[in-house]
Amino acid sequence: MWRRVASLSSTISSSSRSLSRNQVFFQAAFGLSIRESYATEISKPGEEGVLRPKEKAPFITFVLGGPGSGKGTQCEKIVETFGLTHLSAGDLLRREIAMHTQNGAMILNLIKDGKIVPSEVTVKLLQKELESSNSSKFLIDGFPRTEENRVAFERIVGADPDVVLFFDCPEEEMVKRVLNRNQGRVDDNITTMKKRLKIFEALNRPVIDYYKNKGKLYTINAIGTVDDIFKQVLPIFTPFEEQLKQSRHVNPKSPLVENSS
Ligand SMILES: Nc1ncnc2c1ncn2[C@@H]1O[C@H](COP(=O)(O)OP(=O)(O)OP(=O)(O)O)[C@@H](O)[C@H]1O
Ligand SMILES: Nc1ccn([C@@H]2O[C@H](COP(=O)(O)O)[C@@H](O)[C@H]2O)c(=O)n1
Ligand SMILES: [Mg+2]
């Protein structure tokens with residue numbers, strides 16, 4: 001049984017010393033950038049401070065696609081089927097607006113204008129969710145939107161995605177869907193939509209190409225019914241089914257780290 005994660009900063013290799021305390025916890029509990037993590041086993045007398053390989057890295061899926069391509073809709077179905085935890089970057093930003101946080105007004109102005117929020121802000125919001133979650137398998141929707149987003153995530157969170165989904169949808173269909181969405185979003189109007197499409201082409205395409213070159217990109221034809229599109233998504237996760245079933249309850253912020261064994 002795994003016990004308290006203790007004094008990690010002093011036991012992790014010196015290369016980790018420049019990391020933030022949270023990052024050290026996250027690395028240690030989830031083993032993100034090192035892909036294998038360590039915790040201090042303090043249950044056995046005489047073995048205090050002994051490090052043992054522990055948790056596997058979390059399973060991360062990035063979900064890409066233009067505005068209105070159906071990312072959020074498909075994420076709901078993936079969550080139902082595979083139990084991944086859905087983190088929508090857009091929703092996290094809209095929550096900041098609704099909560100009138102320090103960055104709320106700045107975020108609202110950028111979203112209204114279809115522009116990209118500074119990566120540091122978005123990545124910190126994602127990091128907080130990842131760190132405080134009990135899940136170890138995540139769907140990160142609408143992220144990374146830019147190369148800057150991607151690099152900031154690598155730098156701050158220290159993780160790479162296992163899978164990158166790209167919902168490929170023609171512009172006219174995306175426009176039609178967004179204008180019919182009816183959820184009261186400030187960016188669901190034709191003026192903002194045109195700007196969002198331009199930004200998507202200019203800034204998201206390089207990210208798509210990056211993951212294509214890494215062999216991690218799965219392109220989905222996003223035209224058709226929701227169920228037809230999901231039929232393309234299902235087989236992508238099939239090879240990872242065992243990994244996804246073995247989800248553990250790991251919360252690096254919790255004083256007790258539970259073990260499934
Ligand atoms: N396959 C589909 N066919 C028709 N309408 C769809 C389809 N999938 C989603 N929609 C609808 O299109 C709209 C946009 O879908 P959704 O919100 O999932 O897109 P998104 O990619 O998350 O967009 P955004 O980037 O703006 O958040 C919603 O009203 C949704 O119900
Ligand atoms: N990585 C991101 C994601 C989103 N934004 C901003 O939020 C808007 C809405 O995002 P959706 O994913 O819900 O469509 C988007 O147009 C951006 O203004 C961002 O800056 N960075
Ligand atoms: Mg969405």
Side-chain angles (χ1 to χ4, degrees), residues 60-80 86-98 103-127 129-130 138-154 156-157 161 164-204 206-208 219-233:
I60 292 181
T61 299
F62 284 156
V63 184
L64 310 180
S69 58
K71 301 181 293 298
T73 304
Q74 293 297 321
C75 280
E76 276 179 30
K77 296 193 69 80
I78 298 168
V79 168
E80 272 169 32
H86 181 204
L87 299 178
S88 155
D91 286 351
L92 293 176
L93 293 168
R94 283 184 284 273
R95 193 173 73 188
E96 292 297 289
I97 300 172
N103 288 321
M106 177 264 294
I107 294 171
L108 174 62
N109 285 331
L110 291 169
I111 288 185
K112 264 187 189 163
D113 212 15
K115 292 193 175 135
I116 302 298
V117 173
S119 297
E120 188 96 354
V121 172
T122 312
V123 173
K124 289 268 165 71
L125 292 173
L126 287 170
Q127 184 190 31
E129 294 299 311
L130 290 163
F138 300 96
L139 266 181
I140 305 189
D141 165 8
F143 186 94
R145 281 292 226 277
T146 63
E147 275 291 280
E148 201 208 62
N149 266 187
R150 182 184 69 70
V151 171
F153 188 86
E154 262 179 37
I156 297 172
V157 177
V164 180
L165 303 180
F166 166 45
F167 290 95
D168 193 8
C169 194
E171 286 200 358
E172 60 195 70
E173 177 68 17
M174 293 195 274
V175 172
K176 201 169 81 188
R177 289 182 189 175
V178 160
L179 297 184
N180 286 327
R181 182 155 43 188
N182 254 333
Q183 286 176 0
R185 279 179 50 163
V186 292
D187 50 352
D188 280 357
N189 57 74
I190 190 65
T191 313
T192 310
M193 184 57 181
K194 281 183 181 163
K195 293 180 186 171
R196 295 179 72 200
L197 288 169
K198 267 196 187 150
I199 286 184
F200 168 72
E201 278 306 326
L203 303 181
N204 208 211
V207 179
I208 292 165
T219 301
I220 294 133
N221 172 9
I223 284 283
T225 67
V226 171
D227 285 342
D228 281 344
I229 296 165
F230 190 60
K231 276 186 199 147
Q232 297 175 65
V233 174

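Whatever order the structure lists them in is the order used to number ligands and atoms, beginning at 1. Since the model is a prediction, treat every value here as computed from it, not as a measurement.
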Which heavy atom of [X] sits nearest a heavy atom of [Y], and at what distance?
X	Y	value
Pro144	Leu64	O-CD2, 3.5 Å
Gly66	Ser69	O-OG, 2.8 Å
Asp141	Gly72	OD2-CA, 3.6 Å

Salt-bridge present (Glu172, Lys176; N to O < 4.0 Å)
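The answer is no: the pair does not qualify as a salt bridge.
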Quick one: does any side-chain atom of Asn204 pair with a main-chain N or O of Glu147 as donor and acceptor, under 3.5 Å?
no
Looking at Gln74 and Val226, would you say the former's side chain and the latter's main chain have a donor-acceptor pair under 3.5 Å?
yes
Output, or 'none' if empty, a list of ligand 2-protein atom pairs in which both atoms are N or O and the distance is under 3.5 Å, rounded to 0.1 Å.
residue, atom, partner, partner atom, Å
ligand 2, 1 (N), Gly142, O, 3.1
ligand 2, 1 (N), Asn149, OD1, 3.1
ligand 2, 10 (O), Arg145, NH2, 3.2
ligand 2, 12 (O), Arg145, NH1, 3.0
ligand 2, 12 (O), Arg145, NH2, 3.2
ligand 2, 13 (O), Arg94, NH1, 3.1
ligand 2, 13 (O), Arg94, NH2, 2.9
ligand 2, 13 (O), Arg185, NH1, 3.4
ligand 2, 13 (O), Arg185, NH2, 3.4
ligand 2, 14 (O), Arg145, NH2, 3.1
ligand 2, 14 (O), Arg185, NH2, 3.1
ligand 2, 14 (O), Arg196, NH2, 2.6
ligand 2, 16 (O), Arg196, NE, 3.3
ligand 2, 18 (O), Lys115, O, 2.6
ligand 2, 20 (O), Val117, N, 2.7

Counting heavy atoms not belonging to Glu201, are there more than 12 under 6.0 Å from its CD?
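For Glu201, atom CD is crowded (more than 12 foreign heavy atoms under 6.0 Å).
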Just jot down the side chain to side chain contact (heavy atoms under 4.5 Å, CB included) partners of Leu108, sequence neighbours excluded, or say none.
Ile97, Lys112, Val186
By side chain to side chain donor-acceptor pair (under 3.5 Å), which residues pair with Glu120, not counting sequence neighbours?
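By the side chain to side chain donor-acceptor pair (under 3.5 Å) rule, Glu120 matches Lys124, Arg155.
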Residues in contact with ligand 1, criterion: heavy atom under 4.0 Å
Gly66, Pro67, Gly68, Ser69, Gly70, Lys71, Gly72, Thr73, Arg177, Arg181, Arg185, Arg196, Gly224, Thr225, Val226, Ile229
